[in-house]
Amino acid sequence: MTANRGMGEAAAPYTADEMMTVAASRELRDGAVCFVGIGLPSEAANLARATHAPGCVLIYESGTVGAKPDVLPLSIGDGVLAAHADSVVSVPEIFNYWLQAGRVDVGFLGAAQVDRFGNINTTVVGDYQHPKVRLPGAGGAPEIAASAREVIIMLRHKRRAFVERLSFVTSVGHGAGGGSRDDLGYPGAGPTVLITDLGVLRPDPETRELTLVALHPGATVEGAREATGWNLKVADDPGTTEPPTERELELLRDLKARTEAARGGSTRGTET
Amino acid sequence: MTANRGMGEAAAPYTADEMMTVAASRELRDGAVCFVGIGLPSEAANLARATHAPGCVLIYESGTVGAKPDVLPLSIGDGVLAAHADSVVSVPEIFNYWLQAGRVDVGFLGAAQVDRFGNINTTVVGDYQHPKVRLPGAGGAPEIAASAREVIIMLRHKRRAFVERLSFVTSVGHGAGGGSRDDLGYPGAGPTVLITDLGVLRPDPETRELTLVALHPGATVEGAREATGWNLKVADDPGTTEPPTERELELLRDLKARTEAARGGSTRGTET
Amino acid sequence: MAEVTDLREAVAGLVHDGDAVALEGFTHLIPTAAAHEIIRQGRKDLTLIRMTPDLIYDQMIGMGCARKLVFSWGGNPGVGSLHRFRDAIENDWPVPLEIEEHSHAGMANRYVAGASNLPFAVLRGYVGTDLPKVTSTIAPVTCPFTGEELMAVPALNPDVSIIHAQQADSRGNVAIWGISGIQKEAALSARRAIATVEEVVEELTPHPFQIVLPAVVFDAVAVEPKGAHPSYADGYYDRDNVFYEAWDPIGRDREAFRSWMEQHVLGTENFGEYFRSVRGEGMVAK
Amino acid sequence: MAEVTDLREAVAGLVHDGDAVALEGFTHLIPTAAAHEIIRQGRKDLTLIRMTPDLIYDQMIGMGCARKLVFSWGGNPGVGSLHRFRDAIENDWPVPLEIEEHSHAGMANRYVAGASNLPFAVLRGYVGTDLPKVTSTIAPVTCPFTGEELMAVPALNPDVSIIHAQQADSRGNVAIWGISGIQKEAALSARRAIATVEEVVEELTPHPFQIVLPAVVFDAVAVEPKGAHPSYADGYYDRDNVFYEAWDPIGRDREAFRSWMEQHVLGTENFGEYFRSVRGEGMVAK
């Protein structure tokens with residue numbers, strides 16, 4: 001469990017991770033077709049489905065369309081994803097007929113590193129041929145970032161994750177900013193929001209640079225700047241995120257408890 | 001029912017069409033994967049399955065693999081084709097993953113017109129823009145002709161069907177003869193035999209011109225020449241086709257009787 | 001998300017004059033009810049797309065709905081010619097019909113490209129045939145890795161695609177079993193999609209070789225029992241070979257055709273009425 | 001036509017040193033039994049192809065079977081890194097490992113092209129990422145109709161593909177239900193194909209989202225109950241999350257890894273023995 005970093009001394013009745021997940025879940029509108037990564041994105045999307053967006057259609061890259069997991073999947077192809085899905089299709093179909101075809105409203109992505117334009121690295125830290133850290137690689141992220149109508153990124157706010165320059169661009173956000181993403185010819189609009197455990201960042205309408213527009217309760221601009229590896233742009237008057245409601249917290253904890261029980265008490269992280 | 005044209009006065013105990021179907025069925029070896037057109041090809045392939053080739057795998061372009069129809073299908077997508085099939089796949093899959101992939105040993109085709117190199121017309125007679133006769137068109141034939149390892153053509157021997165020059169090349173046989181088919185880059189070997197109601201034609205090993213190599217019992221070289229719109233090449237010593245065995249005839253007639261009964265007594269032709 | 005509605009509303013709202021329209025169903029599950037509704041509503045100038053134009057396109061062409069046909073095999077399967085189709089091509093009756101002619105593999109891959117949001121598909125075919133001489137939508141493309149030359153065909157993206165399926169569930173997910181042909185790609189390549197179904201069931205159950213198209217694929221789902229007649233719906237009814245044969249003399253004659261269409265299609269309110277009308281004439285197998 | 005044989009014979013006859021080998025199964029139905037048999041038989045210099053190299057490729061890489069890996073996501077799902085995979089890339093242990101890295105969409109389309117006997121596939125992707133800088137098998141291609149530039153990737157045609165499925169019928173037709181991932185394309189793109197199955201049944205019955213791969217696709221079908229453990233087989237057993245987590249400390253340490261592999265994989269005759277061996281150590285969830 002992440003400590004309540006940056007949330008002040010008065011212990012909040014929720015963790016920073018919970019705030020992050022709740023804030024992300026609220027971004028998903030009911031009825032949206034949502035392409036979901038495992039871990040935090042899956043947690044947020046399923047919380048949305050349990051709260052305000054029961055009609056959203058969750059797609060996992062294993063080919064499940066309209067997945068309705070009762071516990072959080074540990075892998076992208078868990079049986080719970082197929083069990084009550086509207087349909088299960090092949091992997092080529094999910095990427096070609098659904099994602100590339102423009103049928104996905106929202107792509108929900110995690111990351112290892114992000115830069116100020118929402119470009120994502122999940123490949124290597126350091127040199128590609130002789131990496132300091134070899135990460136899992138691209139998976140479905142590049143094409144989710146390319147073709148989903150919009151992208152929501154979730155990432156814990158840390159200096160080594162929010163970097164001035166990515167070691168490797170695995171998935172394109174707003175490229176070099178401005179109109180550079182459009183020049184690449186991708187149909188989707190790119191990242192429209194980055195939710196961290198400290199606050200909410202949205203791209204500037206002109207430069208497309210991610211800008212801190214809201215802080216979670218207890219988080220500070222200074223804390224956010226410190227946890228960012230570039231000179232963080234902050235909105236003139238950043239708002240404050242509405243704290244999790246009792247219902248949101250209850251449903252989220254319920255979901256996680258059910259998940260742990262189903263996994264035989266495993267408490268290992270769910271992020272990949 | 002076709003008359004016993006060219007079969008001499010002593011009424012044979014079988015029709016010329018029956019001889020043609022039986023002769024064609026014998027070309028199919030057991031275990032072969034066979035892509036089948038409706039009509040005469042389907043009749044011959046299913047006779048083969050009932051006689052010497054119970055293990056052949058019949059594919060119809062509607063997506064049925066390993067079809068085992070108990071009556072002859074009237075259309076390429078009849079329910080009898082799916083009922084006991086090994087698998088049923090989509091139309092793109094049948095053309096891309098099966099035919100184009102080189103998984104088909106034998107393509108079994110009918111035709112409206114054929115030329116001396118086994119090229120096929122099923123599109124128009126006369127000018128394309130102002131046709132004398134508008135035929136159904138290509139269907140699956142061009143790619144069957146292109147990609148099946150070998151092709152068997154069945155066509156009743158008539159001067160207006162065996163033409164000097166096709167109005168339209170719908171499907172490629174041996175092109176302009178010689179090595180011209182190879183130059184087109186097609187993986188399959190092209191037509192290895194043309195079975196008519198008069199005899200059997202095979203391509204010359206060098207020129208690839210179809211050559212009459214066998215006559216059905218009662219048929220004559222003169223009859224075949226008369227029914228051919230080009231100067232028919234005849235082997236030095238054309239053989240005689242083994243007449244249908246009692247078992248072949250019985251099984252063929254049984255198949256056709258079951259088919260008619262299932263169709264509510266329809267006796268319309270099955271050729272398209 | 002699919003709305004369960006009636007077919008008249010679905011066609012009124014989603015099929016417009018001048019649209020490129022694909023009604024698919026490969027021998028199995030041909031959407032006859034939807035074709036009739038388009039005829040009843042008098043749509044004009046349609047580009048009709050279909051691998052195997054058969055009775056439904058013969059009827060739509062004969063009634064003057066179409067200005068263009070994109071296809072790969074046009075016949076009355078097991079019977080012979082489509083006479084309205086031939087009359088339009090050979091004699092411009094009732095209006096001229098432009099044609100764009102491909103092979104099955106070409107058409108299938110054009111739908112695949114359309115469903116994949118790609119501008120073209122690649123295949124091994126057409127070389128050495130006369131099709132590229134008469135069809136402009138065939139062009140060579142070179143493999144950037146091997147240098148090999150292959151053939152490309154452009155994507156099909158119909159304005160609206162219509163399919164018939166056996167069932168929808170209560171959420172609007174659509175199930176087809178048995179031969180599913182090109183319906184998945186036809187529906188997914190289209191800007192708008194309509195499904196007619198034999199019935200709506202609470203929950204789908206597995207059937208042999210079943211595919212399920214999720215509700216979000218469709219703009220409208222309408223219940224039309226027997227809606228694929230005279231083709232068949234596996235699990236519901238057989239192919240009506242008698243009707244296919246009975247169509248031949250009707251389609252062969254312009255006047256017989258017009259009066260048959262006026263009596264049975266234009267003269268009825270919906271497919272149920274139509275079906276009782278043709279059954280009354282003995283055209284339907286028992 | 002598939003021959004029902006045992007896995008040892010199938011691997012001995014169909015998998016050779018130096019082959020390009022794809023073992024597929026997208027989280028579901030990962031062919032662990034087959035991977036172990038390849039390790040037991042000491043295959044070398046393999047090009048391993050797989051969208052999501054996980055424990056089985058971690059083990060094959062750590063045992064020195066591979067000289068190259070073609071992949072799109074390499075991790076222990078829900079747990080973390082594949083340490084043998086990382087050790088090979090970062091430290092060339094036990095032998096150097098060349099990598100060819102794509103995205104999932106790229107890999108999936110490479111299999112599709114391979115299954116279709118086309119030299120390349122086209123997709124919208126890669127542009128603006130660093131993947132084309134490090135992966136030579138990505139190249140632009142231009143649409144001959146629209147002039148639009150897209151990305152091409154070359155076909156994958158493994159020498160041999162291996163999948164695990166729930167059932168084969170008595171004729172050798174192979175059924176997968178639930179998540180079927182990329183298995184169809186993996187099997188159809190290969191020169192030779194092997195299926196391991198949970199069991200052979202007389203006749204297949206329909207299951208939700210089932211696909212059937214005809215017997216002619218396979219060169220060998222072998223019965224290997226539990227053969228996908230620790231992944232799962234819908235209808236037979238669940239994913240063993242305990243095992244995935246227990247793997248982490250074993251894979252992390254070279255010696256622990258070697259001795260574990262020697263004891264449980266090299267020290268057993270077949271997958272049944274192996275399974276009893278690891279269950280005896282409490283690594284398997286009840």
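Bear in mind that the values here come from a model prediction, so they are computed numbers and not experimental data.
- B/Tyr128 is listed as a side-chain neighbour of C/Glu101, based on a closest heavy-atom distance under 4.5 Å.
- Taking chain C as the reference chain and counting heavy-atom pairs below 4.5 Å, the highest number among B/Ala85, B/Ser90, B/Gly140 is found for B/Gly140.
- Heavy-atom minimum distance, B/Ser87 versus C/Phe209: CA-CE2, 3.5 Å.
- For B/Val124, no part lies near chain C; criterion is any non-hydrogen pair under 4.5 Å.
- Only the side chain of C/Met51 has a heavy atom closer than 4.5 Å to any heavy atom of chain B.
- Among C/Asp54, C/Leu123, C/Thr52, the residue making the largest number of heavy-atom pairs under 4.5 Å with chain B is C/Leu123.
- Only the side chain of B/Asn96 has a heavy atom closer than 4.5 Å to any heavy atom of chain C.
- Smallest separation of non-hydrogen atoms from C/Ile179 and B/Ser62: CG2-O, 3.5 Å.
- Rounded to the nearest 0.5 angstrom, C/Thr27 OG1 and B/Leu74 CG are separated by 10.0 Å.
- Contacts of C/Ile211 with chain B are absent, with no heavy-atom separation under 4.5 Å from either backbone or side chain.
- Here the straight-line distance linking atom CD1 of B/Ile120 with atom OG1 of C/Thr129 works out to 12.0 Å at 0.5 Å rounding.
- Side-chain contact between B/Glu143 and C/His104 is absent, with no heavy atoms from C-beta onward closer than 4.5 Å.
- Interface remark: C/Tyr111 contributes no atoms to any contact with chain B (heavy atom separation under 4.5 Å).
- Between the CD1 atom of C/Ile30 and the OG atom of B/Ser75 there is a distance of 7.5 Å, given to the nearest 0.5 Å.
- Going from atom CD of B/Gln100 over to atom CG of C/Asn109 covers 7.0 Å, rounded to the nearest 0.5 Å.
- Both the backbone and the side chain of C/Phe26 come within contact range of chain B, judged by heavy atoms closer than 4.5 Å.
- Contact annotation: the side chain of C/Trp177 never approaches that of B/Val88 to less than 4.5 Å [non-hydrogen atoms, C-beta and beyond].
- Using modelled atom types, one side-chain atom of B/Tyr186 and one backbone atom of C/Val127 make a donor-acceptor pair closer than 3.5 Å.
- Using a 4.5 Å cut-off between heavy atoms, B/Phe168 contacts chain C through both its backbone and its side chain.
- Contact annotation for C/Arg239: only side-chain heavy atoms (C-beta onward) come within less than 4.5 Å of a heavy atom of chain B.
- Of all heavy-atom pairs between B/Pro142 and C/Leu131, the closest is CG-CD1, 4.5 Å.
- One N or O on the side chain of C/Tyr232 and one on the backbone of B/Gly79 form a donor-acceptor pair closer than 3.5 Å.
- In this structure, B/Glu164 places its CD atom where more than 12 heavy-atom neighbours from other residues, nucleotides or ligands lie under 6.0 Å away.
- Neither the backbone nor the side chain of C/Tyr244 comes within contact range of chain B; no heavy atoms are under 4.5 Å apart.
- Most heavy-atom pairs under 4.5 Å with chain C: of the set B/Asp78, B/Val172, B/Leu166, this distinction falls to B/Asp78.
- Here the closest non-hydrogen pair linking B/Val91 and C/Ile182 is CG2-N, 4.2 Å.
- Once rounded to the nearest 0.5 Å, the distance linking NE2 of B/His130 with CD of C/Glu90 reads 11.5 Å.
- Chain B forms the most heavy-atom pairs under 4.5 Å with one residue out of C/Pro53, C/Pro208, C/Gly125, and that residue is C/Gly125.
- Surrounding CZ of B/Arg258 are more than 12 heavy atoms belonging to other residues, nucleotides or ligands, all under 6.0 Å away.
- Of the listed residues (B/Pro92, B/Pro187, B/Gly137), the greatest number of heavy-atom pairs within a distance under 4.5 Å of chain C belongs to B/Pro92.
- Here C/Lys184 contributes atom NZ and B/Glu93 contributes atom CD; the two are 7.0 Å apart, rounded to the nearest 0.5 Å.
- The closest side-chain heavy-atom distance from C/Pro77 to B/Ile76 is not below 4.5 Å.
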